[in-house]
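Read the structure below first, then the notes.
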Amino acid sequence: MHFVFHIDATDGAARTGAITMPRGTIRTPAFMPVGTAATVKAMYPGQVRDLGADVVLGNTYHLMLRPGPERMARLGGLHHFMNWPHPILTDSGGFQVMSLSALRKLDEQGVTFRSHVDGSTHHMSPERSIEIQGLLGSDIQMQLDECVRLPADHATIERAMHLSLRWAERCRVAFGEQPGKAMFGIVQGGDVPALRVESARALTDLDLKGYAIGGLAVGEPQAVMLAMIETVEPYLPANKPRYLMGVGTPDDLLCSVARGIDMFDCVMPTRAGRHGLAYTRHGRINLRNARHAEDTRPLDEASACPAARDYSRAYLHHLVRSDEILGMMLLTWNNLSYYQDLMAGMRRAIAEGRLAAFSEETRAAWARAEA
Ligand SMILES: CNc1nc2c(CC[C@H]3O[C@H](OC)[C@H](OC)[C@@H](OC)[C@@H]3OC)c3nc(N)[nH]c(=O)c3cc2[nH]1
C-alpha cells in the first residue's frame with residue numbers, strides 16, 4: 001500500500017480527511033506530538049496513542065547525535081526502538097542546527113555544526129539528512145532547508161529560499177521512490193508574499209507528496225503568520241497535505257485549520273505541561289498560582305482523560321509547587337488530551353460544515369474562564 005491522502009469534506013478552505021500509509025492512517029487535521037529524543041516526554045507510547053495521536057515526531061538533529069543513525073538502524077529503527085509502531089515524521093535537522101548548536105557554518109553543500117552533546121563536528125548535506133531519516137526509519141521525511149528567523153532583510157530571505165529550493169531538488173533525488181513513505185518540501189520566503197509564492201510554485205513543480213510551510217512561528221505576530229498562510233495556500237496542490245511547522249497554540253490551530261492546514265507539530269502542550277501549565281476547555285490555567293491551593297475541582301470533569309477528571313487542582317498545584325514528577329506526567333497527559341480533543345472536534349465540525357460555529361463556541365468557553 002502506498003502513501004495516499006484523501007479529503008472527505010471541506011468547509012471553506014478547511015479540509016478533513018486522512019493519509020493512509022503502510023504503518024497506519026493519519027486523520028487530518030492532525031496534531032503531531034513532539035517526540036524529540038525518541039520519546040514524547042513524560043508519556044508512555046500507549047498513552048499517546050490512546051489520546052488519539054496517529055503520528056509522532058522524531059528529531060533528526062538529536063537522534064543523529066545520540067544514539068546515532070547507524071546504531072539506530074542496527075537496533076531495528078526508531079519505531080521498534082521507542083515502541084511506536086505507527087507513523088513517524090522527522091524534521092531534517094536544519095532548523096535545530098540553527099537554533100540549538102554552536103559554531104555552525106552553512107554553505108551550498110549543507111550545514112556544518114558542533115554537537116551540543118559532546119562538541120564533535122558534524123556536516124549535514126541534503127543527501128545525508130535524507131540518508132539519516134532513512135536509517136531512522138522515518139515514514140515522512142522533511143527536506144533540508146534554511147529557516148530564517150524574522151525579522152530579516154529581503155536579500156537574506158530570498159537567498160535562503162532559493163538555497164532551500166536547490167536543497168529540495170537534491171533531497172528529492174536522494175529520497176528516490178519509496179512507495180509507503182513520503183518526502184515533504186518546505187515552503188520558505190519569510191514574510192515576503194512574492195517570495196512565498198515563488199517557493200510554493202517551484203516546490204509544486206517537483207510534484208512532492210506533501211508540502212510544509214516553514215519559516216513561521218519564529219517570533220512573528222500571529223497576523224503575519226496567518227497572512228503568509230493565506231498567501232501560499234492557493235499555490236499549493238489542493239490534493240496534497242499541508243503541514244505548518246512548529247504551530248501552535250489552540251487559537252493558532254483554529255485559525256490555521258480554517259485557512260487550509262492539515263498537519264501541525266508544536267512543543268507547546270508537552271513543554272507547558274512540564275512547567276505547570278494546563279490547556280483546558282476553559283482556557284489555559286497556571287497550576288503554580290496560589291489561587292488553586294484549595295480548589296477541589298478537577299481540570300475538566302467532562303473530559304475522558306483521567307488526568308483532567310480524577311485529580312483536584314489543589315493536588316496538581318501541590319505537585320507543581322513540590323516539583324513532583326507526577327505533576328509533569330499528569331499535566332502533559334491532560335494537555336495532549338486537550339489538543340487531540342480539539343483536533344477531533346475540528347475534524348467533526350468540518351465534516352458537518354460548522355467549523356466557524358465550533359471555533360466561536362471554543363473561544364467563548366476560553367473567554368468565560370479567563371473572565
Ligand atoms: C516552533 N516554531 C517553528 N519550528 C519550526 C521548525 C522545527 C520543527 C521542530 O521543532 C522542534 O525542534 C526545534 C521539535 O523538537 C523539539 C521538532 O520535533 C521533532 C520539530 O520537528 C518537526 C522548522 N523546521 C524546518 N525544517 N524548517 C522550518 O522552516 C521550521 C520552522 C519552524 N517554526
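The structure displayed is predicted, hence computed values, not measured ones. Start at 1 and go down the list; that is how both ligands and their atoms are numbered.
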Check ion pair [X]-[Y] (N to O, under 4.0 angstrom):
X      : Y      : answer
Glu324 : Arg274 : no
Glu233 : Arg259 : no
Glu146 : Arg159 : yes

Counting only pairs under 3.5 Å, give me each side-chain donor-acceptor contact of residues 30-49, with atom names and distances, residues two or more places apart or in other chains.
residue : atom : partner : partner atom : Å
Gln47   : OE1  : Tyr44   : N            : 2.9
Arg49   : NH1  : Ala53   : O            : 2.9
Arg49   : NH1  : Asp54   : OD1          : 2.9

**Those residues that, when tested against His292, pass ring-ring contact (aromatic ring centres under 6.0 Å, His included) (two or more places apart)** = none
**Item:** Summary of ring-ring contact (aromatic ring centres under 6.0 Å, His included) pairs that have at least one residue in residues 234-277, sequence neighbours excluded
**Value:** none
**Request:** Tell me the residues surrounding ligand 1, counting only those with a heavy atom closer than 4.0 angstrom, sorted by chain and number.
**Result:** Val34, Thr36, Leu57, Gly58, Asn59, Asp91, Ser92, Phe95, Gln96, Asp145, Cys147, Ile186, Gln188, Gly214, Gly215, Leu216, Ala217, Val218, Tyr243, Met245, Gly246, Asp265, Val267
